[in-house]
2 protein chains.
Amino acid sequence: MAANPSKTSKPVFAPVRQDRNFEVVVQRVRDKLMDGELRPGDKLPPEREFAKQLNVSRNVVREALRILENAGLVRTRKGAHGGAFVAPGGTAQMTQVMGDLILLNAISLEDLFEARTLLLEMVLDKVGQLDHPPDLEPLANAVEETRAAVMAGDSARRVAAARDFYHQIAELSGNSALVFTTNAQTDLVQTFLRFRISDMEPEDLINSRVAFLEMLREGKFEDAKVELRQHLDRVHKSLWSKKS
Amino acid sequence: MAANPSKTSKPVFAPVRQDRNFEVVVQRVRDKLMDGELRPGDKLPPEREFAKQLNVSRNVVREALRILENAGLVRTRKGAHGGAFVAPGGTAQMTQVMGDLILLNAISLEDLFEARTLLLEMVLDKVGQLDHPPDLEPLANAVEETRAAVMAGDSARRVAAARDFYHQIAELSGNSALVFTTNAQTDLVQTFLRFRISDMEPEDLINSRVAFLEMLREGKFEDAKVELRQHLDRVHKSLWSKKS
DNA sequence: GGTTCAAGTTAGGTCATACCATTAGCATTC
DNA sequence: GAATGCTAATGGTATGACCTAACTTGAACC
């Protein structure tokens, strides 16, 4: 294996280097993020200068930037005042990761749908246990937006409103981890449903939304859960007939 | 918006190109995955040949591979018969994404801990509603492993056993989406707790595990939930004293 | 004949350099 | 003074060379 005169001796010297250079660069940036030395909005050095500082080639810096960019940690802009900037966190990455797991058949669509329903129901449970009544204003706005989108016959707007609707439900939990997770799930479901949107009668949709909201207003969280589950089951089922 | 030679004409020509080349390459691979033309285990062409096929430079191919690799879709090996292979899905990416969201202060540790507790409780709720009793064998094995690790004084082994314990709880749900999510959460919590592992008396740990398991065996899911929550609260709290 | 070792081959990893493309700001021009 | 064009900064792409790790092969040796 290595310099190894005696038969059974193990390598005395650790490998000089095992990580690839761009991985080291990525880790350096992550470290600065963890130390708080880099914060969202901050700018990394230009690629050429960064390469000089780190004593690596520009290629290495760029491959590291691709990783950081794909991880959602930085975003890059071209041109004069361009560069790589530390990004605020978003849902995109989690959506992509879960989507990739579906691509790789590590997660089935059924499980995704079920998990989403369960999480949203869980949020309602949690909201029902709060001592103070939740602020339903954003949710009401989302319902109004849905109604407006339906009236306007604008399906893209309707999808966006639906996304906001479920987002606002998650927000009721006050837990950002749950918000990110459910948002990612909603994005994925909408992606898979994009091809057969208007399977549901617009009237049924609005009725469901309004009824759900009213139940929340009256504190009938169990009823709301049932209404939500029935609606989600219908939505999810609409994909089933088409699939396979 | 089309051919419009009048005075106020808007751009008649669509942009030649907007996506960066490596993004196109990434999308090509993703497409082949979605079509099922590429499956886990398959090998992509060597970088040089791939570049020729796509008529781009090797740099572009490499940056695309970095993205795919970071996304967990491929893994690369050096040497003869090396290359980029389509990877099976794993937990690592989701863990990284959630960790990055914490790095960026988009998610607080408190929310992560709470979400984890809620998800695990939800799993128990779901298990309690099954018509057939769950298979508790893997869970029992994890508890045994924890006991063995504690007896051996091997804290690394103990951490691994704890990970498996929570993993097996999630498995009881039979939902892979929940399994991936909770696994990622567990990995993160363990990362943040790594520095202060033995805050809990080993005996208390074992007792909690055994009691929990016994409650499940007897079908007392509500009691099990309480036991689990109390345990998790203790664990999470142990990080609190140190933090900030 | 089988073991060992060394050269060859493959393919990823790195470097260096040149040039293209885009953006912002400044200068020029009418 | 507003449209136009130049310039510098900075990311994006293309080449080509060389290094390094891992597998293959075959020859030398026991």
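Letters A, B, ... mirror the listed sequences (proteins, then strands); counts begin at 1. The structure displayed is predicted, hence computed values, not measured ones. What you see below is based on every heavy atom in this structure, not just the backbone, and it leaves out hydrogens, waters and symmetry mates.
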Chemist: Mind calculating the distance between CG (N55(B)) and P (dT15(D)) to the nearest angstrom?
Modeler: 8 Å

Chemist: Taking atom P of dA22(D) as reference, at what distance in whole Å does atom CD of Q18(A) sit?
Modeler: 11 Å

Chemist: To the nearest angstrom, how far is F50(A) atom CZ from dC15(C) atom P?
Modeler: 14 Å

Chemist: Can you check whether S57(B) has a side-chain N or O nearer than 4.0 Å to OP1 or OP2 of dA14(D)?
Modeler: yes

Chemist: Could you tell me which non-hydrogen atom of D100(B) sits nearest to which non-hydrogen atom of A71(A), and how far apart they are?
Modeler: OD2-CB, 3.8 Å

Chemist: Does E49(B) reach the main-chain N or O of P46(B) with its side chain, forming a donor-acceptor pair under 3.5 Å?
Modeler: no

Chemist: Any N/O pairs under 3.5 Å between the protein and nucleotides 8-11 of chain D? List them or say none.
Modeler:
{"residue": "dT10(D)", "atom": "O4'", "partner": "G79(A)", "partner atom": "O", "Å": "3.0"}
{"residue": "dG11(D)", "atom": "OP2", "partner": "E47(A)", "partner atom": "N", "Å": "3.0"}
{"residue": "dG11(D)", "atom": "N7", "partner": "R48(A)", "partner atom": "NH1", "Å": "3.0"}
{"residue": "dG11(D)", "atom": "O6", "partner": "R48(A)", "partner atom": "NH2", "Å": "3.0"}

Chemist: Please round to the nearest 0.5 Å and tell me the distance separating atom CZ of F50(B) and atom CG of L44(B).
Modeler: 5.5 Å

Chemist: Using whole Å, what does the distance between atom P of nucleotide dG12(C) and atom CG of N59(A) come to?
Modeler: 15 Å

Chemist: Please identify which of these residues, R163(B), H167(B), Q96(B), meets the side-chain hydrogen bond (donor to acceptor under 3.5 Å, both in side chains) condition with D187(B).
Modeler: R163(B)

Chemist: Between V159(A) and Q190(A), which heavy-atom pair has the shortest distance, and what is it?
Modeler: O-NE2, 3.0 Å

Chemist: Once you round it to whole Å, what is the distance between P of dT14(C) and CG of D19(A)?
Modeler: 10 Å

Chemist: In whole angstroms, how far is the P atom of dA14(D) from the CZ atom of F22(B)?
Modeler: 12 Å

Chemist: Checking R62(B) against F22(A): charged group under 6.0 Å from the ring centre and within 45 degrees of the axis?
Modeler: no

Chemist: Mind calculating the distance between CD (E63(A)) and P (dA16(C)) to the nearest angstrom?
Modeler: 15 Å

Chemist: Need one value for N21(B): base, sugar-phosphate or nothing, where a base atom within 4.0 Å counts as base even if backbone is also close, heavy atoms only.
Modeler: sugar-phosphate

